[in-house]
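One structure is given here, and the rest of the page talks about it.
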There are 2 protein chains.
Amino acid sequence: MTLRTSNLPKADTRASHIEIVITDILEAAQEEFAVNGFAGARMQVIADRAGYPKANVHYHFKNKTSLYLAVLDRIVTRWDDYLNDISVDDDPAVVLDTFIREKVQFSFDEPSASRLFANEIIHGAPHLRKHISSQIRPYVIDRVAVIQSWIDAGKMMSVDPMRLIFLIWSTTQHYADFQSQILIVTKQKKYTQEYRQETADFLSKLILSGCGLTLPSKNNELT
Amino acid sequence: MTLRTSNLPKADTRASHIEIVITDILEAAQEEFAVNGFAGARMQVIADRAGYPKANVHYHFKNKTSLYLAVLDRIVTRWDDYLNDISVDDDPAVVLDTFIREKVQFSFDEPSASRLFANEIIHGAPHLRKHISSQIRPYVIDRVAVIQSWIDAGKMMSVDPMRLIFLIWSTTQHYADFQSQILIVTKQKKYTQEYRQETADFLSKLILSGCGLTLPSKNNELT
DNA sequence: CAAATTCTTGACCATTTGGACAGGTTTAGT
DNA sequence: ACTAAACCTGTCCAAATGGTCAAGAATTTG
């Protein structure tokens with residue numbers, strides 16, 4: 001609505017101004033791509049939502065595909081930031097509990113990112129194949145090894161570690177990807193803070209218990 | 001490829017011929033919509049895949065939307081057929097085990113149906129709102145009541161029944177919707193029969209155990 | 001302060017695509 | 001066998017949409 005160019009603080013440099021424009025466009029694009037998919041997304045809508053003329057969007061991003069890739073890259077990067085390191089010496093219960101709660105939080109906090117990602121995978125991951133095999137796969141293999149060592153050490157029940165990771169991914173993502181269905185079934189307008197909390201508690205409890213684990217004692221001081 | 005009109009058996013009536021054509025189109029459309037989403041799907045591609053001229057598709061289906069709705073309806077109907085009835089007197093472990101295995105089977109057998117459905121929900125379920133509130137919601141409420149009665153009867157651990165249903169849905173659907181990611185991470189070309197079986201076993205075991213349940217004894221004679 | 005560089009934008013275009021339509025063909029009824 | 005209805009399909013078209021371009025505004029630089 002308001003023209004960014006005319007009412008910026010004096011101290012603003014060109015570089016930082018550009019960053020704002022780019023971010024505006026990326027955020028608008030993420031929303032549009034998440035809601036309508038790549039093919040369904042409209043450059044005009046993205047431009048409108050970001051608050052710039054369409055040609056401006058094309059100035060900063062060569063074409064629709066490169067804009068989409070930029071959005072994906074941004075999501076994937078933020079995703080990777082969430083990935084915490086775990087070690088053989090850690091307590092399985094604590095690690096899994098933390099992992100689950102972080103994933104749940106991500107789903108509730110950034111549903112459009114989650115949906116865009118899901119969309120890309122459902123459609124065969126045409127733009128993410130490389131990232132999956134070079135980043136995600138090593139990550140999974142690494143965690144699998146640690147979980148397996150816990151099992152070997154008798155610290156938890158014997159369950160297939162990779163499928164356990166898939167299970168955690170799926171159950172947590174579900175609340176973002178299938179939000180519309182869940183809200184209708186539960187007759188809610190939107191997720192409440194309480195619902196989020198109970199969901200995290202539920203998932204943590206059921207999954208840990210499914211692995212034969214229990215949290216040490218105190219477990220309610222997470223954000 | 002071959003023209004259906006010219007080489008049909010004499011006994012074939014017009015009605016059944018039409019059914020074949022319609023089915024061909026619906027199947028082609030399901031695949032195309034699942035792979036590319038509604039906006040990305042091309043009528044020309046659907047027609048080609050079905051083996052008829054595009055105008056023929058438009059003869060049987062008013063427009064793209066009505067074709068899409070027909071595909072959705074077909075999927076939803078088949079989905080509903082899977083829904084088994086459960087009662088308070090049943091053994092929770094057996095019911096949940098059966099339920100999980102049926103859902104897993106559906107995901108592996110009809111991945112494109114699952115993906116199309118997921119796609120619709122991710123994009124806000126514009127065409128399924130009614131079905132969700134009139135069919136799915138009552139179904140869920142019904143199962144929730146039964147599960148709750150099991151909990152009250154001390155037959156299983158106290159877990160939120162609705163979230164348990166969501167969890168089963170998400171974990172089973174995951175293998176269809178995120179197939180491309182899973183195949184890359186597990187370095188498989190396609191799901192093997194063995195992988196399907198182990199997945200069903202894994203999910204059943206972990207979820208039952210998460211509910212404090214164990215299967216009676218014999219549990220390996222399912223299809 | 002002038003020139004050069006970067007950024008912005010309205011107007012315009014080429015292509016794609018859903019869909020209309022009219023004329024032809026096959027089937028069912030009598 | 002003949003007619004009417006149902007079905008099929010090649011051709012064409014209007015609308016939508018991604019993308020271009022050249023001129024103008026703002027900012028940096030020499």
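A quick note: this is a predicted structure, and the numbers were derived from the prediction, not measured. The chains referred to below are lettered A, B, ... by the order of the sequence lines, with proteins before strands, and numbering in each begins at 1.
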Rounded to whole Å, the CE-P distance (A/M43 to D/dT20) equals 10 Å
Answer with base, sugar-phosphate or nothing: what part of the nucleic acid does B/A41 contact at a heavy-atom distance below 4.0 Å? sugar-phosphate
Tell me which nucleotide among D/dC21, D/dG19, D/dG10 gets nearest to the side chain of A/A55. D/dC21
Comparing A/K62 with B/V57, nearest DNA chain D nucleotide closer to 5' gives the residue B/V57
Among B/Q30, B/E32, B/E27, whose side-chain hydrogen bond (donor to acceptor under 3.5 Å, both in side chains) with B/S112 holds? B/Q30
If you check the B/K54 side chain, which of D/dG19, C/dG19, C/dC21 turns out closest? C/dG19
For atom CG of A/D48 and atom P of D/dG18, their distance in whole Å: 12 Å
Option among A/F106, A/W79, A/F33 that satisfies the ring-ring contact (aromatic ring centres under 6.0 Å, His included) test with A/F117: A/W79
Is there a side-chain contact between B/N56 and the phosphate of D/dT9, meaning an N or O under 4.0 Å from OP1 or OP2? yes
For the side chain of B/H58, starting at C-beta, report the closest nucleotide among C/dT9, C/dG18, D/dT9. C/dG18
Nucleotide D/dC7, atom P - distance to CZ of B/F61 in whole Å: 12 Å
So, OP1 or OP2 of D/dC8: does either fall under 4.0 Å of a side-chain N or O from B/Y59? no
Between C/dT15 (P) and A/N63 (CG): distance, integer Å: 17 Å
Among the nucleotides D/dC21, D/dG10, D/dC8, which one has an atom lying closest to any side-chain atom of B/H60? D/dC8
In this structure, how many angstroms lie between the P atom of C/dG18 and the CD1 atom of B/I25, rounded? 15 Å
Rounded to whole Å, the CD-P distance (B/E19 to D/dC7) equals 12 Å
For the side chain of A/K64 and the backbone of A/A41, is there at least one donor-acceptor N/O pair under 3.5 Å apart? yes
Donor-acceptor contact below 3.5 Å, side chain B/S114 vs main chain B/D177: no
Heavy atoms under 4.0 Å, any strand shown: does B/A39 hit a base, just sugar-phosphate, or nothing? nothing
For D/dG18 and A/R42 - does any side-chain N or O of the residue sit under 4.0 Å from the phosphate oxygens OP1/OP2? yes
Rounded to whole Å, the NZ-P distance (A/K64 to C/dT16) equals 14 Å
Separation of D/dT9 P from B/Y52 OH (nearest whole Å): 9 Å
Any chance you could measure A/L128, atom CG, to A/D73, atom CG, to the nearest 0.5 Å? 9.5 Å
